[in-house]
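Data first, discussion second: the structure below is written as structure tokens.
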Amino acid sequence: MGFLAAASLFIFGKQPTQVQAAKKSSSSLIIYFSKTGNTARAARQIQKETGGKLLRITPKKAYPNDYDATTRVAQNQIRRNIHPAIKTKLPSIKKYRHIYIGYPTWWGQPPMIIHTLFDRYNFKGKTITPFTTSAESPMSSSMPVMRRLAKKDKAKLTKGYRYTSNSGLHNFLVSIGAVKRSKKAKSSKAQAKTKLQLLM
């Protein structure tokens, strides 16, 4: 089982949001593939944080709705190195400097449509930040594939993030310098520090 747990079994609860108002104009593009909607929710939260533009990619031939059937199709694509065609009309990425690429983790790696994305685009000179949704697989499991793809295009790859909560995502974006820490987050951190000092 390691495949569609990411796409079908991971349901997010409501999380407290710590977000600064993002600038309307942004040099960030958030490209994502989402089978069940979890990765879409993560992508929308990144947009809320960064002000980036959203681009959802879909395969020309949709995956089956049935879990087992989708598993068989995905396994076959991975085994035979099939890069499924993208139905979405892809815009120019010339004006974007920072590209977020999101996907569910299937069998420890990105779905093969992410390979198609790199076939269609040249990310040379771009900064790529991968993010994933998975109930079981850590971000590290899909990073080797993302490193190979980014290296081939001579793109800069940041560390990636497995989406679990809005507050965790905010802290991650702060850690890579994409956003500034929100006032609410700073206040929470200061309160926690004060509480710790009182306990010592």
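Since the model is a prediction, treat every value here as computed from it, not as a measurement.
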Item to check | Contact check, side chains of T132 and Y163, non-hydrogen atoms, under 4.5 Å | outcome: no

Item to check | Residue pairs, two or more places apart or on separate chains, that pass ring pair (Phe, Tyr, Trp, His ring centres under 6.0 Å) and touch residues 124-157 | outcome: none

Checklist entry - With hydrophobic residues grouped by side-chain heavy-atom distances under 4.5 Å, do W107 and I82 end up in a single group? => result no

Item to check | Worked verdict on K35 versus T70 for side chain to side chain contact (heavy atoms under 4.5 Å, CB included) | outcome: CA-CA 10 Å; K35 174 67 168 61; T70 299; 3.8 Å; yes

Checklist entry - With F118, which residues qualify under ring-ring contact (aromatic ring centres under 6.0 Å, His included), at least two apart? => result F123

Next on the checklist: In the structure I gave you, are the side-chain heavy atoms of R181 and N171 within less than 4.5 Å of one another anywhere?
Outcome noted: yes

Pair up each side-chain donor or acceptor in residues 52-63 with any protein partner under 3.5 Å, not counting sequence neighbours, and list the distances.
unit_1, atom_1, unit_2, atom_2, d
R56, NH2, S34, O, 2.8
T58, OG1, T88, OG1, 3.3
Y63, OH, Q77, OE1, 2.8

Next on the checklist: Has T105 got a side-chain atom pairing as donor or acceptor with G108's backbone, closer than 3.5 angstrom?
Outcome noted: no

Item to check | Results of side-chain hydrogen bond (donor to acceptor under 3.5 Å, both in side chains) for D119 - residues two or more places apart only | outcome: H83

Checklist outcome for this item: For Y100, the ring-ring contact (aromatic ring centres under 6.0 Å, His included) test, sequence neighbours excluded, returns H98

Item to check | Spatial distance of atom CG (L117) from atom OH (Y32) [nearest 0.5 Å] | outcome: 13.5 Å

Checklist entry - Is there a donor-acceptor contact under 3.5 Å from the side chain of K126 to the main chain of K94? => result yes

Item to check | Any I128 side-chain heavy atom under 4.5 Å of T158 side chain | outcome: no

Item to check | Residue pairs involving residues 109-118 (criterion side-chain hydrogen bond (donor to acceptor under 3.5 Å, both in side chains); sequence neighbours excluded) | outcome: none

Next on the checklist: Before you tell me yes or no, could you show the steps for T50 and S28 under side chain to side chain donor-acceptor pair (under 3.5 Å), namely the whole-Å CA-CA distance, both residues' side-chain angles and the distance that decides it to 0.1 Å?
Outcome noted: CA-CA 8 Å; T50 66; S28 299; 5.0 Å; no

Review item, side-chain donor-acceptor pairs of residues 140-152, under 3.5 Å, at least two apart:
unit_1, atom_1, unit_2, atom_2, d
S141, OG, P138, O, 2.9
S142, OG, Y103, OH, 2.8
S142, OG, M139, O, 3.4

Next on the checklist: Keeping D153 on the side-chain end and A155 on the backbone end, is there a donor-acceptor pair under 3.5 Å?
Outcome noted: no

Next on the checklist: If the condition is ring-ring contact (aromatic ring centres under 6.0 Å, His included), which residues does F172 pass it with, not counting sequence neighbours?
Outcome noted: Y161

Next on the checklist: Hydrogens and angles aside, do T129 and K159 bring a side-chain donor and acceptor to less than 3.5 Å of each other?
Outcome noted: no

Next on the checklist: Could you walk me through whether Y121 and L90 satisfy the side chain to side chain contact (heavy atoms under 4.5 Å, CB included) test, starting with their C-alpha distance in whole Å, then the side-chain angles of each, then the deciding distance to 0.1 Å, before giving a yes or no?
Outcome noted: CA-CA 9 Å; Y121 276 134; L90 300 179; 3.3 Å; yes

Next on the checklist: List the residues meeting side-chain hydrogen bond (donor to acceptor under 3.5 Å, both in side chains) with R44, not counting sequence neighbours, and say none if there are none.
Outcome noted: none

